[in-house]
Amino acid sequence: MTSKLTAELVFPDLAEAERDRARRVETVLPTIAAAAEAADEMGALPEGHIKLLGDAGLLGLVVPEEFGGLGGGLRDLAATTYALGTVCGSTALAFFFHCSSSSRGMLPLAALEAGHYTDEEAPTVRAFAHKVLHLMGTEKKAIGNFASEAVKASNANVLIRTTATRTEGGWLLNGEKSFGCLSGSADYYLVTARREDVEGLDALTLFLVPRETAGARPRAPWVGLGMRASDNNGLVLEDCFVPDELSLAVPGAFTRATQMSRGSWVGNQVAIASIYAGIAQGAWSYAMERTMSATFADTGKPIASSPMHQVLIGDGERHLAEAHLWLRRQVDLEASDPPILPKNEVVQSWKLAKGAICEHAHDVALTALKMCGTSGALMGNVTGRAVRDTAMGLVQAFPAERGKLDFAKMVVEKEGWAGLTTSDSFTKAAGERA
């Protein structure tokens, strides 16, 4: 009998190629699980994890085979972040941010095929896309994806203030990224900035910054509530020089590429919500095993047989099932071929799905905590980490309340959704409102 893969808890219909990739994931889970508690305590991604993932071929999980990758898609990414989440949410988050970089290669190539670039622009766009994908696939390099900044705008989730200024042979970057994993541990940083000489969203540009580049350094140690071992230390860029061959500074090139995504701006964010569902599954399995194996001294029956525990079991199973259902539905909407719904409806669904998945996951973690009782309420054990890590899902990217508001505006007021904006766009919009 074929053993069940962790990924099959969400995707019971894995194709054989997907099963092969999921088997690779299973090989790294024991090592990552064994290091999870110490990594959380130290607040740093274990040094050997990047090599472990690279040796398994997983750094190229969603990179096409022609670029040295495994040729996986969104289902593979969501299945993998879910499986990693069952043993270590921090590692899963760091892995997601690496894999999310692939969209900066895949989307421009799709936009090229769709004819969104001129003959003059196409070579630059193609070269940058190939560089990103070969680094991840052929060269097995880790890439940290840095877009988020501490300053927020009312009309978008991410406000880009990091600037790119033209200089001889390349660009000088200046700015501060508040959020992004693999800070100090990635081989390259993928930085979203804005050209100072271009207005609006067309100013958004992309740069590959080697980790040891002068002027690039981690921002500050991440002492967060959860995901403590993801090297989420942010990034400071001070007159950081990036050569032209590591730049995609064609005006409007990035925004035209995002038109090709099936979901939101870069099209793979559902895989980050998948992490929280995985964390919930890991905590629930731990709580069930603990309360089924421990017995009452007077009756010899499992602790799980008490009326209170049986109510908790019902609650936990319901929340876990709903997290799985929302996750599977959103992945189906974004990965199905042909598409099930038009893009605007897929984005609307995502605005609700993200919050639903994360809230149900946190409810599972809290129920697991109650199941295990006072003796199980330890800071670093599975339930302790799960409660803290799933709490991050309540605020990361956007809380459920923001998602509901965005959904309602998209439906009732026919508003589009802005995932990114630039400081000059924000200033212009603010002036128009005034």
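This one's a predicted model, so the numbers in the text were calculated from it and none came from an experiment.
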Answer yes or no: is there a donor N or O on one side and an acceptor on the other, between the side chain of [X] and the main chain of [Y], under 3.5 Å?
X	Y	result
Thr27	Arg24	yes
Thr81	Ala92	no
Arg104	Phe254	no
Arg195	Ala249	yes
Asn233	Pro221	no
Glu121	Thr118	yes
Tyr117	Ala253	yes
Asp389	Met227	yes
Tyr276	Ala323	no
Arg211	Ala186	yes

Drop me the distance from [X]'s [atom1] to [Y]'s [atom2], to the nearest 0.5 angstrom.
X	Y	atom1	atom2	answer
Thr167	Phe241	OG1	CZ	6.5 Å
Leu327	Glu322	CG	CD	13.5 Å
Cys358	Trp326	SG	CH2	12.0 Å
Gln396	Leu93	CD	CG	5.0 Å
Asp76	Glu18	CG	CD	5.0 Å
Phe96	Leu77	CZ	CG	6.5 Å

Would you check if the distance from the ring center of Phe97 to the ring center of Phe179 is below 6.0 Å?
->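 Yes.
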Exercise for review: For the pair His116 and Gln259, evaluate side chain to side chain contact (heavy atoms under 4.5 Å, CB included) and give the outcome as yes or no after the intermediate values.
Suggested key: CA-CA 10 Å; His116 291 323; Gln259 296 173 20; 3.8 Å; yes
Would you please say whether a donor-acceptor pair under 3.5 Å links the side chains of [X] and [Y]?
X	Y	answer
Asp231	Ser183	no
Thr383	Asn381	yes
Ser90	Arg228	no
Glu26	Thr6	yes
Ser285	Gln281	yes
Tyr82	His324	yes

request  = Would you sort out whether Phe146 and Val209 count as a side chain to side chain contact (heavy atoms under 4.5 Å, CB included), showing the intermediate values?
outcome  = CA-CA 10 Å; Phe146 288 83; Val209 182; over 6 Å; no
* Does Lys354 make a cation-pi contact with Phe398, if we ask for NZ or CZ under 6.0 Å from the ring centre and within 45° of the axis? -> yes
* **Verdict with supporting geometry, Thr86 and Ile279, side chain to side chain contact (heavy atoms under 4.5 Å, CB included)** => CA-CA 5 Å; Thr86 64; Ile279 295 169; over 6 Å; no
Requested in this report: Begin from the C-alpha positions of Thr192 and Lys177 and carry the test side-chain hydrogen bond (donor to acceptor under 3.5 Å, both in side chains) through to its verdict.
Outcome: CA-CA 9 Å; Thr192 304; Lys177 299 296 186 180; 5.5 Å; no
Are any of the side-chain nitrogens in [X] or [Y] under 4.0 Å away from the carboxylate oxygens of its partner?
X	Y	result
Glu196	Arg166	no
Arg75	Asp13	yes
Glu245	Lys131	no
Asp202	Arg256	no
Arg385	Asp40	no

Next item on the list: Would you indicate whether the side-chain heavy atoms of Leu58 and Val28 approach each other to under 4.5 Å?
Entry: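 Of all side-chain heavy-atom pairs linking Leu58 with Val28, at least one is under 4.5 Å.
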- Message: One pair to check against salt bridge (Lys or Arg N to Asp or Glu O under 4.0 Å): Arg23 and Asp20. What are the steps and the verdict?
- Response: CA-CA 5 Å; Arg23 290 189 191 101; Asp20 287 342; 2.4 Å; yes
Please report the C-alpha distance between Asn268 and Ser100 in whole Å, then the side-chain angles of each, then the deciding distance to 0.1 Å, and finally whether the side-chain hydrogen bond (donor to acceptor under 3.5 Å, both in side chains) criterion is met.
CA-CA 7 Å; Asn268 54 25; Ser100 70; 5.3 Å; no
Restricting to non-hydrogen atoms, name the atom on Ile275 and the atom on Gly89 that form the minimum distance, rounded to 0.1 Å.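 Residues Ile275 and Gly89, closest heavy atoms: CG2-O, 4.0 Å.
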Please report the C-alpha distance between Arg19 and Glu8 in whole Å, then the side-chain angles of each, then the deciding distance to 0.1 Å, and finally whether the salt bridge (Lys or Arg N to Asp or Glu O under 4.0 Å) criterion is met.
-> CA-CA 9 Å; Arg19 285 188 61 84; Glu8 291 181 292; 2.6 Å; yes
Check: Taking atom CD of Glu413 as the centre, does the number of heavy atoms from other residues, nucleotides or ligands within less than 6.0 Å exceed 12?
Finding: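 Yes, enclosed.
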Counting only heavy atoms not in Glu16, do more than 12 fall under 6.0 Å of its CD? yes
Could you check whether the rings of Phe95 and His98 sit parallel, tilted or perpendicular, using 30° and 60° as the cut-offs? tilted
> Asn174 and Thr162: side chain to side chain contact (heavy atoms under 4.5 Å, CB included), yes or no, with the steps?
Replying inline: CA-CA 6 Å; Asn174 283 279; Thr162 299; over 6 Å; no
